[in-house]
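The structure appears below as structure tokens.
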Amino acid sequence: APNISVRARKYLLPIYVDPDMGANLTEPPSAASVRMFFYIQPTYTVPIPSAPSGLAASVSGSDILLTWSRPTTNVDGSRLTNLAGYRVYRSSSPSGPFTLVSGPFVGSEQFADRPGVGTFYYRVAAVNTDGAEGPKSDYVSATVQAALLLVTVVDTQGAPVGGAQVTLLDPSNAPVAQSMTDAAGEAMLRVPPGSYTVRVVADGVIAPTIHIDLYGGTVSVTISVQGR
């Protein structure tokens with residue numbers, strides 16, 4: 001009968017089993033008695049965390065806030081004890097593809113995103129300290145509505161000014177939208193909700209700028225150009 005050597009883990013001494021004697025030996029049998037030798041090296045699979053649950057989204061202005069619940073188990077049912085963080089994915093379609101938007105890790109059960117105007121879909125995956133990422137959660141959707149700003153430009157007599165350039169600037173004074181007024185002195189600008197500065201230039205004359213907060217819907221303002 002063959003003599004069999006079984007090693008359960010690489011750092012344990014091998015145990016030699018004599019099928020005929022039914023004894024476990026800590027020393028190998030003599031070379032003369034060995035007719036067959038089996039070596040078993042088990043593999044270790046790193047557990048991966050389960051998907052976060054309860055993913056929810058809320059919209060505040062142009063921001064989407066995501067929240068979810070921490071997973072407590074691994075996919076194999078064992079207890080999750082080495083959670084490192086999360087990865088957040090976004091798509092413009094519920095069927096994907098989903099693109100990572102959070103960077104390597106999110107350290108808490110919430111994430112804020114400012115994707116622009118439209119409907120967006122999100123999924124979240126947990127990552128453990130071994131770097132293993134678990135399955136993504138079910139998706140949640142959120143919609144950021146565009147804000148519409150109707151600007152009417154008039155002269156000091158109240159007459160409409162056509163061909164005036166209307167620019168919306170963000171808090172860093174970077175332009176985010178621009179339009180020209182029509183013959184009725186009107187220009188429509190469509191932007192994400194937020195705080196903006198309105199700048200109007202007509203025939204080389206710059207009108208006094210105004211600050212405006214847009215939170216969806218349509219807002220109308222009239223700006224008078226002096227010195228025309």
Side-chain angles (χ1 to χ4, degrees), residues 48-75 80 83-151 165-180 182 186-199 211-221:
I48 60 174
S50 298
S53 61
L55 179 61
S58 60
V59 179
S60 176
S62 58
D63 293 330
I64 296 176
L65 178 63
L66 303 173
T67 58
W68 58 86
S69 296
R70 174 191 179 105
T72 58
T73 62
N74 293 304
V75 170
L80 174 58
L83 179 67
Y86 305 92
R87 291 177 182 148
V88 180
Y89 295 84
R90 182 182 70 211
S91 175
S92 58
S93 168
S95 59
F98 284 82
T99 302
L100 180 68
V101 294
S102 62
F105 290 106
V106 174
S108 64
E109 287 73 40
Q110 64 178 21
F111 178 75
D113 190 30
R114 183 173 290 182
V117 173
T119 299
F120 303 92
Y121 301 84
Y122 294 88
R123 302 177 74 182
V124 179
V127 183
N128 64 24
T129 54
D130 293 317
E133 179 177 322
K136 296 179 181 64
S137 66
D138 293 335
Y139 73 79
V140 67
S141 65
T143 300
V144 178
Q145 300 286 352
L148 298 177
L149 176 64
L150 175 61
V151 178
Q165 184 183 74
V166 181
T167 305
L168 256 62
L169 307 173
D170 67 13
S172 67
N173 283 328
V176 295
Q178 194 172 78
S179 184
M180 302 291 288
D182 56 19
E186 296 180 343
M188 180 72 78
L189 298 98
R190 183 176 183 267
V191 293
S195 297
Y196 299 96
T197 298
V198 184
R199 183 179 65 194
H211 176 80
I212 191 168
D213 294 320
L214 302 176
Y215 294 106
T218 301
V219 176
S220 299
V221 297

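Computed from a predicted model, the values in this text were never measured in an experiment. Only this structure's heavy atoms are used, side chains among them; waters, hydrogens and symmetry mates stay out.
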Indicate yes or no: at least one non-hydrogen side-chain atom of Leu168 is less than 4.5 angstrom from one of Val198. yes
Minimum-distance pair of heavy atoms, taken over all atoms of Ala125 and Gly134: CB-O, 3.6 Å
d(Arg123 CZ, Leu100 CG) to nearest 0.5 Å is 13.5 Å
Student check: side-chain heavy atoms of Val106 and Trp68 closer than 4.5 Å: yes
Tell me whether Ser137 contacts the main-chain N or O of Val124 through its side chain, where contact means a donor paired with an acceptor under 3.5 Å. yes
Rounded distance [0.5 Å steps], OG1 in Thr197 versus CD1 in Ile212: 10.0 Å
Taking the side chain as everything from C-beta on, heavy atoms only, tell me whether Pro193 gets closer than 4.5 Å to Gln145. no
Gln178 side chain to Thr167 side chain, donor-acceptor N/O pair below 3.5 angstrom: yes
Would a distance-only check, ignoring hydrogens and angles, find a side-chain to backbone donor-acceptor pair under 3.5 Å from Asp130 to Ala132? no
Within 45° cone of Phe98 ring axis and under 6.0 Å: Arg90 NZ or CZ: no
For the CZ atom of Arg190 and the CG atom of Leu149, what is their distance to the nearest 0.5 Å? 13.5 Å
Approximate separation, where rounding is to 0.5 Å, of Leu80 CG and Thr72 OG1: 7.5 Å
When rounded to the nearest 0.5 Å, the distance separating OG of Ser179 from CD of Glu186 is 11.0 Å
Is NZ or CZ of Lys136 both nearer than 6.0 Å to the six-membered ring centre of Tyr89 and within 45° of the ring axis? yes
I'd like to check Val59 versus Ile64 (side-chain heavy atoms, cut-off strictly below 4.5 Å). Are they in contact? yes
Side chain to side chain contact (heavy atoms under 4.5 Å, CB included) between Phe111 and Tyr86, intermediate numbers included: CA-CA 10 Å; Phe111 178 75; Tyr86 305 92; over 6 Å; no
What is the distance from atom OH of Tyr196 to atom CG of Leu169, rounded to the nearest 0.5 Å? 11.0 Å
Does the Ser91 side chain pair with the main chain of Pro97, one donor and one acceptor, at a distance under 3.5 Å? yes
